[in-house]
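Quick caveat: nothing in here was measured; it's all calculated off a predicted structure. Per chain, numbering begins at 1; letters A, B, ... match sequence-line order.
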There are 2 protein chains.
Amino acid sequence: MARNGQEAVAEAKRSLPDLIVLDIMMPKMDGIEACRIMRTMPEFKNTFMVFLTARSEEYSEIAGFNVGADDYIAKPIKPRALVSRINAILRRNAPAEDVTDNKLEIGDLVIDREAYLVFQRGEKVVLAKKEFELLYLLASKPGKVYTREVILKNIWEDSVVVTNRTIDVHIRKLREKLGDDVVATVKGVGYKFEG
Amino acid sequence: MARNGQEAVAEAKRSLPDLIVLDIMMPKMDGIEACRIMRTMPEFKNTFMVFLTARSEEYSEIAGFNVGADDYIAKPIKPRALVSRINAILRRNAPAEDVTDNKLEIGDLVIDREAYLVFQRGEKVVLAKKEFELLYLLASKPGKVYTREVILKNIWEDSVVVTNRTIDVHIRKLREKLGDDVVATVKGVGYKFEG
DNA sequence: CGTAACATTTAACAATTTGTTAACATTTGC
DNA sequence: GCAAATGTTAACAAATTGTTAAATGTTACG
């Protein structure tokens, strides 16, 4: 159980749960912000996020859904009721068949998150962890430009502070291994995957 | 997981499970009806059917048993408790001769969970318990990378606290006994079985 | 019960890989 | 052409894993 938004994001990245319950009034970073950030991360693509709040404010409700929440539960609620509500959410959102195979196939690349492997035209390419994460992030939404800031938030722990330019070096290594065409520079903005 | 009685029957016919848990209050066709129907089908002759219900009503209980249920579990019940209850039912109804052989054959290995034995190209290899568990876990999904955290959760009791690095030593012993190619390191992530 | 044999865990250090930075070169858009 | 942004390189720092040995637990057996 995380006590604030920052902890929530950190712990969620570590344990990758199927469902996250966010209290809107957590200190430091609130639940809405945590949700917004997690929604930009590919590993939470299939995670359900539910808001829990004491006040039934219109604002909270609207803001929560806008950042990608899947449901909304009003406090006070008895623990048992909360559990059954959560079960209901999981049930109604259960995938028909769970064939979720974390493979990403784009262009001449196959990115297998489970095996931590990348194949290019059938050839195995060995990437270091940060390189892999970077590629996976960009490739999870081909064409979308990721600013260095967003990339940092996604791939680095919150506590770690690194120069923006570090990303450039990792990009360079990706290009070295996969060819210059894989990642495109958008000057003044960031990088994007080229499908 | 089926969401109602009709689905339950359909899915059961498809997958022919050893045990079916029926919720009495499923919509459309309730669990009792599902049980009655399945009991008339020859393919479910040896299938155990267990009822799960929220209310401990006499009616449910009696009606359930009358249609051929094998046991009855009252809700609320914690998932873990449910699992152990189910295991108990399966165990006490286990056929005299357990012909289930949990043999895993991968590459030049044969991993026999029942006998706790590993053969490599026909040669018996003796592994300690932890080594065996570790190999079995990794081999159960070749290619998939297991983080140390996941490995710990799977092989060690929840109460036991051990250093991550303990795993490294067991990996080393596995490599010593089976060769370096069996388990691959994914730096920064974990280990995986190499098919 | 004690002991030997074995299994498990930890700690320490070495080896290796990966990540980061800084400096300088190059490119880009105005 | 100029300034800002990015590319490139290599040195250094940090993190991760490999390896070994010793300490601690556990089990089987006389």
| Working for side chain to side chain contact (heavy atoms under 4.5 Å, CB included), residues Leu134(A) and Lys173(A) | CA-CA 11 Å; Leu134(A) 183 51; Lys173(A) 291 192 178 163; over 6 Å; no
Taking only N and O in the side chain of [X], is any of them less than 4.0 Å away from OP1 or OP2 of [N]?
X	N	result
Trp156(B)	dT9(C)	yes
His170(A)	dT18(C)	no
Thr166(B)	dT10(C)	yes

Sidechain-backbone polar pair: Lys177(B) side chain, Val126(B) backbone, donor-acceptor under 3.5 Å: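 At least one qualifying donor-acceptor pair exists.
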Q.
Whether the side chain of Lys192(B) engages the backbone of Val186(B) through a donor-acceptor N/O pair (distance < 3.5 Å, no angle test) should be reported.
A.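 Looks like no, no N/O pair under 3.5 Å.
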5' precedence on DNA chain C between Val161(B) and Val126(B) (nearest-nucleotide basis):
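Going by which nucleotide is closer to the 5' end, it is Val126(B).
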Stepwise side chain to side chain contact (heavy atoms under 4.5 Å, CB included) check, Tyr191(A) with Arg148(A): CA-CA 8 Å; Tyr191(A) 296 99; Arg148(A) 294 191 176 70; 3.1 Å; yes
Per-nucleotide protein contact along nucleotides 16-27 of chain D, 5' to 3', at a 4.0 Å heavy-atom cut-off (B base, S sugar-phosphate only, - neither), is BBBBB-------
Length of the line joining [X]:[atom1] and [N]:[atom2], which is rounded to integer Å:
X	N	atom1	atom2	result
Leu174(B)	dA7(C)	CG	P	13 Å
Leu134(B)	dT8(C)	CG	C1'	13 Å
Ile155(A)	dA15(D)	CD1	P	18 Å
Phe132(A)	dG19(C)	CZ	C1'	18 Å

**Pair Glu133(B) + Lys129(B), salt bridge at N-O below 4.0 Å** = no
In this structure, CD of Glu157(A) is separated from CG of Leu152(A) (nearest 0.5 Å) by 12.5 Å
